[in-house]
Amino acid sequence: MISSAVRLACAPGRVNIIGEHTDYNDLPVLPMAIDRQITFAFRPTGTATVALTNADPAFFSRTFDLAERIPPFVPGDWGNYAKAAAQALWTWTAEHCPARLPLQGMVGEVRGDIPSGAGLSSSSAMVVAISVALVDTNALPISPEELATLLADGEQYVGTRGGGMDQAASLLARAGCALHIDFHPLRPRLVPIAGDAVFIIADSLVKAEKAGAARLAYNTRVAECRLGLALLRHLAGPENQAAAPSLGAFMRAVPDWPAVLVALPAAEVTVAEVARLIGMPEDVLIAEYLLGRDGRPLVPTDGRFAAMRRCRHVLTEAQRVAQAEAALLAGDLVALGRLMDASHASCAEDYAISCPELNHLVTTLRRHGALGARLTGAGFGGCTIALVARDAVDDVLDGVWRDYYQPLDLPQHIRRDSVLFPCVPSAGAHVRHPE
Ligand code: GLA
């Protein structure tokens with residue numbers, strides 16, 4: 001039970017309207033915070049100890065000490081998300097205000113209603129909730145933008161090479177708005193959502209846990225983009241080599257990028273073939289493009305991949321983000337719906353991050369009246385997001401429940417509104433103190 005003397009940190013999950021797998025390529029995204037969140041009811045301990053219980057009995061209590069180096073729990077342990085926040089904030093404090101060290105810990109209970117492994121950023125919301133509680137406990141002078149940037153890197157503690165969308169959306173969102181986010185440096189821009197636009201979230205029920213198998217698949221896409229960039233830079237000529245450290249930078253530096261894109265090999269290539277094509281020794285290519293911060297390659301480097309398709313998804317998705325922001329601002333829901341459909345097709349065909357269940361769900365949503373529908377988040381399972389006109393919401397919900405969920409014969413305890421629900425664009429993370 002939470003006593004009244006306890007502070008409450010709240011961090012929402014997020015859903016991405018459009019702009020998938022663009023953030024780690026230094027290209028924008030268009031997410032919003034949802035009305036499902038992680039809450040952390042806590043008290044400062046006055047010592048280095050962080051002691052966490054979880055209202056969900058599936059997750060055991062976790063205790064650790066704040067320190068300069070915080071060793072992780074075993075991979076996949078939920079406590080690592082709290083440690084990721086703590087490690088990042090310790091390192092930040094040592095650099096910016098060392099007089100505030102050692103950091104003080106907290107004792108408290110975590111609870112949440114964001115479905116996990118569903119692409120709604122339950123894990124980033126957990127990192128954000130713990131971090132705003134630590135910032136509050138230690139009165140750290142860090143802005144929400146700086147915290148979002150810090151945590152985007154900090155979450156790599158759990159091994160995923162994510163971009164910065166999830167943490168930024170959870171921290172910086174505002175009620176009633178989507179958030180257009182540019183990266184490096186982080187630049188959020190609020191985009192009001194017109195009153196008759198409703199976004200419906202539907203969970204495919206295929207799990208894609210960030211700390212599990214989806215991590216390798218995700219990191220593989222990060223590596224493929226880096227190799228695609230190596231090829232593009234080579235094809236674009238020497239004057240563009242230094243100027244383009246990411247696909248985003250390349251797109252901005254080379255206005256004629258569509259012509260370079262179509263020159264990429266259409267067939268799948270290996271790392272060895274990329275090295276040969278650009279005339280670089282393979283070990284130099286790996287060192288320049290594929291190493292993580294720990295000095296090891298992001299993924300095994302013996303696979304084949306479709307460089308042209310991967311790059312085509314990322315670069316055209318960035319164009320769709322700009323068009324979608326304009327459509328949202330103009331209240332043009334038909335145009336926005338078409339862009340979401342095009343995004344799903346690109347995610348499925350070029351980026352290969354969909355699955356039969358997600359494709360079926362998207363088709364079912366459209367058949368029942370959605371103006372557009374797509375997978376959202378990292379993919380490989382998880383949720384879809386659909387755009388629906390307000391007066392069509394009930395028809396879509398009823399039809400999709402009947403055609404997608406009822407044939408699955410779900411266990412009794414799974415309620416309709418835990419897997420299929422309209423979402424309210426919500427406010428970002430905050431800490432409430434007792435009255
Ligand atoms: C995950 C990552 C994000 C982003 C999305 C895909 O949610 O954490 O940074 O890359 O996948 O758009």
Side-chain angles (χ1 to χ4, degrees), residues 11-34 80-81 84-85 88 114-128 148-173 178-184 186 188 201 203 207-226 246-248 298 310 313-318 320-321 324 340 343-344 346-348 350-355 358 374-385:
R14 65 98 189 93
V15 66
N16 193 16
I17 298 172
I18 199 162
E20 225 59 88
H21 290 260
T22 44
D23 58 355
Y24 55 79
N25 288 303
D26 194 13
L27 284 164
V29 292
L30 191 65
M32 64 188 181
I34 61 173
N80 283 334
Y81 293 107
I114 310 169
S116 72
L120 301 176
S121 290
S122 58
S123 41
S124 294
M126 165 86 181
V127 176
V128 169
T149 305
L150 180 76
L151 296 181
D153 267 356
E155 219 183 289
Q156 300 199 359
Y157 184 93
V158 296
T160 309
R161 305 280 153 188
M165 165 168 67
D166 309 343
Q167 303 79 7
S170 184
L171 274 158
L172 307 174
L179 203 59
H180 180 283
I181 309 171
D182 283 300
F183 300 92
H184 301 118
L186 191 77
I201 292 175
D203 190 345
K207 288 278 174 209
E209 301 285 354
K210 208 181 220 178
R215 186 175 71 178
L216 178 62
Y218 182 94
N219 288 348
T220 301
R221 292 295 174 280
V222 177
E224 291 171 352
C225 287
R226 293 189 187 178
S246 64
L247 284 178
L298 290 175
R310 301 296 185 261
H313 165 73
V314 171
L315 298 176
T316 60
E317 185 76 349
R320 284 186 288 272
V321 171
M340 291 171 69
S343 169
H344 183 79
S346 178
C347 285
D350 275 356
Y351 220 60
I353 55 170
S354 191
C355 61
L358 282 169
R374 54 183 298 278
L375 67 83
T376 186
F380 312 106
C383 285
T384 57
I385 179 171

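These numbers come from the heavy atoms of this one structure, side chains and all, not from hydrogens, waters or symmetry mates. Counting starts at 1 for both ligands and their atoms, in listed order.
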Q. Taking both backbone and side-chain atoms of G377, is any N or O found less than 3.5 Å from an N or O belonging to ligand 1?
A. no
Q | Under the ring pair (Phe, Tyr, Trp, His ring centres under 6.0 Å) test, residues paired with H21 that sit two or more places apart | A | Y24, Y218, Y351
**Q.** Proximal ligand 1 atoms for G163, defined as those under 4.0 Å from one of its heavy atoms
**A.** 9 (O)
Q) Short N/O distance, under 3.5 Å, between H21 and ligand 1? A) yes
Q: Mind checking whether R14 contacts ligand 1 via backbone (N, CA, C, O), side chain (CB onward), both or neither, at a 4.0 Å heavy-atom cut-off?
A: side chain
(Q) Is it the case that the side chains of R374 and S343 hold a donor-acceptor pair, with the cut-off being a distance below 3.5 Å and no angle test? (A) yes
Q) Does any N or O atom in D23 lie less than 3.5 angstrom from one in ligand 1, N or O only? A) yes
(Q) Closer than 4.0 Å to some heavy atom of D166 - which atoms of ligand 1 meet that? (A) 1 (C), 2 (C), 3 (C), 7 (O), 8 (O)
Q: Let me see the working for I385 and N16 under side chain to side chain contact (heavy atoms under 4.5 Å, CB included), right down to the final yes or no.
A: CA-CA 8 Å; I385 179 171; N16 193 16; over 6 Å; no
Q) Taking side chain as C-beta onward, heavy atoms only, is I17 less than 4.5 Å from M32? A) yes
Q) What atoms of ligand 1 come closer than 4.0 angstrom to any heavy atom of M165? A) 4 (C), 5 (C), 12 (O)
Q. Is it true that the side chains of R14 and S124 contain a donor and an acceptor less than 3.5 Å apart?
A. no
**Q.** Closest non-hydrogen atom pair, S116 against K207
**A.** O-NZ, 2.7 Å
**Q.** Under 4.0 Å to a heavy atom of E20 - the qualifying atoms of ligand 1, by number
**A.** 6 (C), 12 (O)
(Q) Run the side-chain contact (heavy atoms from CB on, under 4.5 Å) test against A84 and tell me which residues pass, sequence neighbours left out. (A) Y157
**Q.** Per-atom contacts of ligand 1 with Y24, taking only distances under 4.0 Å to non-hydrogen atoms
**A.** 10 (O)
